[in-house]
Amino acid sequence: MPNPKKAPRKNNIEISLPDKTTIYQSNRVTHSRSSGLTLLQARIFVCLIKELQEAIIASMNGKNWQQLDLFQSENAGMIRVAIPLKLIAKPRQYAEVYQSAIQLAKASILLPSTISKEYFSVATLFPKVDLPKRVNGASLMYVELYKATANLLIEIDKTGNGKPGYFTKYLFEVAMRARNKYTYKIYMIISSWRTKGIFTISIEDLKRQLGIGISEYQQFKELKKRVLLPVKKELENKSDTWFAFAECRQGRKVVALQIRIIVQPSEQVSRERIDHIKYLLTTHLAFTPTHIKALNPYHTLMSDQFIYQGTLQKIQELNTKIFHNPSTGRISNNANYALASIINFFKNQS
């Protein structure tokens, strides 16, 4: 965070990370329900949000995006947005993209209402699509949205002090790289909770946001097998943000998930955390190079802030138990015992 004594505070929000495309969107979009989008339809939607970024940033900076003349349309009350086809798929898939766009144009999405929490908004995504007859690497697809719908997608709700505070920030490349149709949506959801680090969501609400019908995946083990674990695997170590989850039960039934957000630290921070853990294991628990090498598969876990702190606590507990607790029975090999305990700790975190 910039030191206010050294640099003036900037009021405007700007897109950063030139090597990656940062996307901003309202939390009402993040937590909206769209009935079972296909993977191509999801990509079209993400690309639409990307092309609305100039208007979204304007809204976040307190400007009226409708006065910026960003989107031209011949129809009053509508805006036209151009989406490059090459962002969505390869040329051999353009026929599928066309069909997906046509079906998406007919779809409606449920959004939290701007009126109050007692309402929800039903919005037709876009009533008109213009598709090129002949395509090349620069071909564009044009979609037209009602301004009222566009406003729901663009406007960012403000906090009590008038600043934008209810938005999600994520990487366009991660959302578009998804191979599972649920990955992009779960990635958005966990990104919206990134600053909190942990949250609890009911199974009912999670299925609603993912567009999963009531009759689908009625058994949690199926939801876990078909949705949660594949998405977790796809995001893990391949994204700036991924997650771990714990099941919350009422009796034997899983009714909610406690989801912990895992943020990819910088290479320098990762290395410092891993080196610190190795140093403590060597000096406090007599680890040899062989013991240290056995932990190589767990470097990613060791660099996570939450697990790093837990590992430090685990090392302290083991040191007390092995060397300072007379009630502990005789341990034939302290380092081997500690290694097994540390590895078991890591396995329980993944």
### Query
Would Leu281 and Ile343 show up in the same hydrophobic cluster when neighbours are defined by side-chain heavy atoms closer than 4.5 Å?
yes

Minimal non-hydrogen separation, [X] against [Y], with atom names:
X	Y	answer
His284	Phe323	O-CE1, 3.3 Å
Lys185	Thr30	NZ-O, 2.7 Å
Tyr94	Val135	CD1-CG2, 3.6 Å

Do the side chains of [X] and [Y] get close enough for a salt bridge, i.e. N-O under 4.0 angstrom?
X	Y	answer
Lys20	Asp240	no
Lys238	Glu236	no
Arg177	Glu173	no

### Query
Under 30°, 30 to 60°, or over 60°: which ring-plane class applies to His291 and Phe287, parallel, tilted or perpendicular?
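Taking Phe287 first and then His291, their aromatic rings sit tilted (interplane angle of 30° to 60°).
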
Keeping the roles fixed (side chain from [X], backbone from [Y]), state whether a donor-acceptor pair exists under 3.5 Å.
X	Y	value
Ser341	Ala338	no
Thr320	His324	no
Arg194	Val263	no
Gln316	Gln313	no
Glu234	Arg179	yes
Ser239	Trp242	no
Asn64	Gln66	yes
Lys181	Gln41	no

Considering residues, nucleotides and ligands other than [X], do more than 12 of their heavy atoms fall under 6.0 Å from its [atom1]?
X	atom1	answer
Lys158	NZ	yes
Arg249	CZ	yes
Glu317	CD	yes
Glu247	CD	yes
Glu272	CD	yes

### Worked verdict on Glu155 versus Trp65 for side chain to side chain donor-acceptor pair (under 3.5 Å)
CA-CA 9 Å; Glu155 288 293 331; Trp65 66 270; 3.3 Å; yes

#### Entry: Sequence neighbours excluded, every pair satisfying salt bridge (Lys or Arg N to Asp or Glu O under 4.0 Å) that has a member inside residues 289-303
none

#### Entry: Between Asn27 and Thr168, a side-chain donor and acceptor under 3.5 Å
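Yes, a side-chain donor-acceptor pair sits under 3.5 Å.
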
### Message
Checking side-chain polar atoms at under 3.5 Å, does Lys321 have a donor or acceptor matched by the opposite partner on Tyr337?
### Response
yes

Are the side chains of [X] and [Y] in touch, meaning some heavy atoms are under 4.5 Å apart?
X	Y	value
Lys314	Ile342	yes
Leu145	Leu153	yes
Val231	Leu229	no
Tyr187	Leu171	yes

### Task
Scan for ring pair (Phe, Tyr, Trp, His ring centres under 6.0 Å) pairs involving residues 198-232, sequence neighbours excluded, and state none if there are none.
Trp193-Phe199

Taking distance alone, no hydrogens or angles, what donor-acceptor pairs closer than 3.5 Å link side-chain atoms of residues 42-51 to residues at least two apart or in another chain?
from  : atom 1 : to     : atom 2 : distance (Å)
Arg43 : NH2    : Ala178 : O      : 3.3

### Among Lys278, Arg271, Arg273, the one residue meeting salt bridge (charged side-chain N to carboxylate O under 4.0 Å, His left out) with Asp275
Arg271

